[in-house]
Undergrad: 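Got a structure for you, written out below as structure tokens; questions coming shortly.
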Amino acid sequence: MSALDEVRVGVQTLDRLRLILGEESIDETLRAAAAMQKLLSKRVVWNVNSTAAGGGVAEMLQSLLGYTRGLGINSRWLVVEGNDPFFRVTKRLHHALHGEAGDGSPLGAAEREIYEETLRPAALELCALARPGDFVLLHDPQTAGLAPALMEAGVHAIWRCHIGSDDPSPHSELGWAFLAPYLQNVRHYVFSRSSYVPEVCDHGKSTIITPSIDPLSAKNQDLPAETVLGILVQTGLIEGPLSNGDACSFMRHDGTPGRVSRKADILRSGRAPDRNTPLVVQVSRWDPLKDMAGVMDGFTRLVETGASHDAELVLAGPDVQSVADDPEGRRVFEDVVERWRALPPPLRDRIHLVSLPMDDVQENAAIVNALQHHASIVVQKSLREGFGLTVTEAMWKGRPVVASALGGILDQIEDGVTGVLIHDPRNPDQLAIALRALLDDRSGAEAIGKRARERVREHFLGMKHLVRYARLFEKIENEE
Ligand code: UDP
């Protein structure tokens, strides 16, 4: 079996983006792409991560790779094949870099052996594929261990870390100590926030690149109201007459039509909400740091205030079988289900636990898109967050977002202006208060949503990523 799988990504052109991003931004992208093409000549830009679907990194790579290939840059995407022990260690590392204990397991010699054993064959394959002078972007802790072999082979290894914590802690130090030997000679590091750059990653070699979203992807394209409803009825998320297939259609990355036909797997004890029921929605992986159970607690407090405006809660995430590098998913999901079952029936009837189909990543994206469009309020009550893509996605859809005041979310939302921040995400009352305020004041909520969309347009859209990478490659090349 191969230690690396290639993800095939279709070619996308910038034409359709022109209307949304404007001439100036497109021209800047074209100039950056031309410079990158000249600099790379026949060299390849590789991206390596550990899952083709589920989570923010896979989401960004889908779009970015499509556009860069459309711009004539030879970019490719490889996924490291891992087993359960490997992903347990990398998930432990993920928690550690976020400053959390995770499952509290050690990160010692035995874990290092598991980590290196999986990456050894992957490094061999990668070194056979990449040529000296190629650029390899290694994403997150799962791939950091590939760097030494690449550097030895004369390949430019860049480590792109999407997670981090603002303040060092014993947990984060443990994670950095584990990764330090692999990161020592990396050409450059990329982080999402400057406060995430740890001591082991020399500041002079770090660049900050803020994640952005693709407004034309199946996840973020504008959908007519009837399509939003059509998709939600088709998947079983809301009640209503099944529409004709056209009302479930979306555009795939390559411009061809797609259609939502699968159903979501929904755990509910009452009826499906109808189209007028206000929905409070969180879409996340089933990860303890996303705190789905805490969202349920906050919603419970809202209902207890007696002023919930008949809102219902939707907690949606990928079907737990499907995200390769997230072994905790099933346990977290089961924990949420257990707590949900323990709720009093009238409350439980208003909470819907949704496992979204992942067989077709773009169909999954279209369902998330419809759900975010339809939500009265989108929540991201993370306990840690590198940069919440779901926050940007919902803001782009003009939704009022309630999110935790931490990590990258602090760069995304201006409190009370382009969203609402909760300062103590572990306190369910704070979520309840924020939800109630938005449900009480619909026009205020709408105004927040409008400003949120403009903030995304200005800061978090489109091709900024590519322009930043072009500059980075140039810088690295000039350092030679
Ligand atoms: N997501 C998805 N389907 C799901 C759950 C999540 O497509 O069932 C997407 C979500 O829309 C977002 C990404 O996964 O694009 C999550 O990125 P984020 O930065 O919010 O968190 P991460 O999972 O990277 O920690």
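One-based numbering, in listed order, for ligands and for the atoms of each. Along the sequence shown, residues are numbered consecutively beginning with 1.
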Undergrad: Where the closest heavy atom to atom 1 (N) of ligand 1 is concerned, which of His94, His98, Arg285, Lys219 has it?
TA: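 Considering heavy atoms of His94, His98, Arg285, Lys219, the nearest to atom 1 (N) of ligand 1 sits in Lys219.
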Undergrad: Report the part of Leu356 in contact with ligand 1, treating N, CA, C, O as backbone and CB onward as side chain, heavy atoms under 4.0 Å; options are side chain, backbone, both, neither.
TA: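 The part of Leu356 near ligand 1 is the side chain, not the backbone.
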Undergrad: Side chains of Arg268 and His352: do they bring a donor and an acceptor to under 3.5 Å?
TA: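 Arg268 vs His352: donor-acceptor pair found between side chains.
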Undergrad: For the residue pair Asp265 and Ser355, confirm or rule out a side-chain donor-acceptor distance under 3.5 Å.
TA: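 There is no such pair between these side chains.
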Undergrad: Against heavy atoms of Gly317, which atoms of ligand 1 measure under 4.0 Å?
TA: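 Going through ligand 1 atom by atom, the ones under 4.0 Å from Gly317 are 8 (O).
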Undergrad: Does the side chain of Thr277 come under 3.5 Å of the side chain of Glu312 through a donor N or O and an acceptor N or O?
TA: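 The answer is no; no qualifying pair exists.
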Undergrad: Please list the nearest protein heavy atom to atom 8 (O) of ligand 1 with its residue and the distance rounded to 0.1 Å.
TA: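 Protein heavy atom at minimum distance: Pro318 N, 3.0 Å.
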Undergrad: As an exercise, identify every atom of ligand 1 less than 4.0 angstrom from a heavy atom of Val283.
TA: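 Near Val283, meaning under 4.0 Å from one of its heavy atoms, ligand 1 has 5 (C), 6 (C).
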Undergrad: When you measure from atom 14 (O) of ligand 1 to every protein heavy atom, which one gives the shortest distance, and what is it?
TA: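 Scanning the protein heavy atoms, the shortest distance from atom 14 (O) of ligand 1 goes to Gly55 N, 3.5 Å.
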Undergrad: Centre-to-centre under 6.0 Å for His162 and His139, is that the case here?
TA: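 Yes, the ring of His162 comes within the 6.0 Å limit of the ring of His139, centre to centre.
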Undergrad: If you have a sec, work out which protein heavy atom is nearest atom 2 (C) of ligand 1 and how many Å separate them, to one decimal?
TA: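 Scanning the protein heavy atoms, the shortest distance from atom 2 (C) of ligand 1 goes to Asn364 OD1, 3.5 Å.
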Undergrad: Is it the case that the side chains of Thr68 and Ser75 hold a donor-acceptor pair, with the cut-off being a distance below 3.5 Å and no angle test?
TA: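 A donor-acceptor contact under 3.5 Å links the two side chains.
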Undergrad: Considering only the protein, which heavy-atom contact is closest to atom 22 (P) of ligand 1, and what is its distance?
TA: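 Of every protein heavy atom, Lys290 NZ, 3.5 Å lies nearest to atom 22 (P) of ligand 1.
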Undergrad: If you count the atoms of ligand 1 from 1 in the order shown, which ones are under 4.0 Å from a heavy atom of Glu59?
TA: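 Near Glu59, the atoms of ligand 1 are 15 (O).
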Undergrad: Taking the basic N atoms (NZ, or NE/NH1/NH2) and the acidic carboxylate oxygens, is any pair closer than 4.0 Å for Arg160 and Asp140?
TA: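 Salt bridge: no.
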Undergrad: Identify, by atom number and element, the atoms of ligand 1 in contact range of Phe387, meaning under 4.0 Å from any of its heavy atoms.
TA: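 Checking each atom against Phe387, I get 19 (O).
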Undergrad: Return the closest protein heavy atom for atom 24 (O) of ligand 1 as residue, atom name and distance.
TA: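 Answer for atom 24 (O) of ligand 1: Gly56 N, 2.8 Å.
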Undergrad: Starting from atom 19 (O) of ligand 1, locate the nearest protein heavy atom and write down its residue, its atom name and how far away it is, to 0.1 Å.
TA: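 Looking at atom 19 (O) of ligand 1, the protein heavy atom closest to it is Leu389 N, 2.9 Å.
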Undergrad: Which one holds for Glu393 and ligand 1: side chain close, backbone close, both close, or neither close, with close meaning a heavy atom under 4.0 Å?
TA: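 The part of Glu393 near ligand 1 is the side chain, not the backbone.
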Undergrad: Any side-chain donor-acceptor pair under 3.5 Å between His188 and Thr207?
TA: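 Yes.
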Undergrad: May I ask you to check whether Tyr196 and Phe387 place their ring centres under 6.0 Å from each other?
TA: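 No, the ring of Phe387 stays outside the 6.0 Å limit from the ring of Tyr196, centre to centre.
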Undergrad: Check Val391 against ligand 1 and report side chain, backbone, both or neither, counting heavy atoms closer than 4.0 Å.
TA: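 The answer is neither; Val391 stays 4.0 Å or more away.
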Undergrad: Quick one: look at Val368 and ligand 1, take heavy-atom pairs under 4.0 Å, and tell me if it's side chain, backbone, both or neither.
TA: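 The side chain, only.
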Undergrad: Strictly under 4.0 Å, does any heavy atom of Ala365 approach an atom of ligand 1?
TA: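 Distance cut 4.0 Å: Ala365 fails for ligand 1.
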Undergrad: Could you check whether Lys219 and Asn364, counting side-chain N and O atoms only, form a donor-acceptor pair closer than 3.5 Å?
TA: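 There is no such pair between these side chains.
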